[in-house]
Amino acid sequence: MAAASALIPTSLFIIERKSHFTNKRKLPFSPLAAKRTLLKITAKAVGDGSDSSSQNIVKYVQNAWDNYEDRIALGGLGFASIVAFWASLNLISVIDKLPVIPSVLEFIGIFFSWWFIYRYLLFKPDREELYKIIKNSLSDILGQ
C-alpha cells in the first residue's frame, strides 16, 4: 500500500487577468493571504492483495535459508550467478578485442540498414506498408 501527500498552495489555482485598460477590478480577497493557505491532498493506492514476484522470491529465499541443505544450494546458486555475470562481461570484452568479428558485425549492421531503407523507406507504397505494419503491431501490443 503506497501513500503520497502533496501540499499545493491555493494561489496556483487563482488566475489573475491583467487588463490593458485603466479601470482594474479589485479582487474580493487578498493574494497575500491566499499564499499562506495550503491545500492538502492525500492519495492512496490500494492493491488487490496479491504479492509481487519480488516478494515471492524473498519469501522463497527466506524459506530455503531455514533448511541446512537448502542453504548450501542457495549459496552455490548465488556464487554461480556472480560467476556467470563476470564471465559474460569478460566474453563481451574478448569479442570486442578480436580483429575480425567487430568488423563483420559492423558490416552486417550497415547491410541491414541499407536493406531496410530500400525495402521500406525508398518508395511510397512500401512506406504505406511499413505504416500499416507499425499500426497493426501497436494495436496488438495495446490490445485494441
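Here the structure is a predicted model, which is why all the values come from computation and not from measurement.
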Only pairs under 3.5 Å count here: list side-chain donor-acceptor contacts from residues 97-108, not counting sequence neighbours, and write none if there are none.
none

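- With sequence neighbours excluded, the residues forming a side chain to side chain contact (heavy atoms under 4.5 Å, CB included) with Arg71 are Trp65, listed by chain and number.
- Cluster partners of Val83 are Phe79, counting Ile, Leu, Val, Met, Phe, Trp and Tyr whose side-chain heavy atoms approach within less than 4.5 Å, directly or via other members.
- For residues 109-123, every residue pair satisfying the salt bridge (Lys or Arg N to Asp or Glu O under 4.0 Å) rule, not counting sequence neighbours, is listed here: Arg119-Asp126, Arg119-Glu129.
- In this view, Phe85 satisfies the ring pair (Phe, Tyr, Trp, His ring centres under 6.0 Å) rule with no residue, not counting sequence neighbours.
- With hydrophobic clusters built from ILVMFWY side chains whose heavy atoms lie under 4.5 angstrom apart, Trp115 shares a cluster with Ile133.
- With sequence neighbours excluded, the residues that form a side chain to side chain contact (heavy atoms under 4.5 Å, CB included) with Tyr131 are Lys135.
- Under the 4.5 angstrom side-chain criterion for Ile, Leu, Val, Met, Phe, Trp and Tyr, Trp86 has no cluster partners at all.
- Other cluster members for Phe111: none, since no ILVMFWY side-chain heavy atom sits under 4.5 Å from it.
- In this structure Glu128 satisfies the salt bridge (Lys or Arg N to Asp or Glu O under 4.0 Å) test with no other residue, sequence neighbours excluded.
- The side chain to side chain contact (heavy atoms under 4.5 Å, CB included) search around Phe116 returns Tyr120, Leu121, Leu130, not counting sequence neighbours.
- Every residue two or more places apart in sequence or in another chain was checked for a ring pair (Phe, Tyr, Trp, His ring centres under 6.0 Å) with Trp114, and none qualifies.
- Listed by chain and number, the hydrophobic cluster partners of Phe123 are Tyr118, Leu122, where partners are ILVMFWY side chains within reach of under 4.5 Å, directly or through others.
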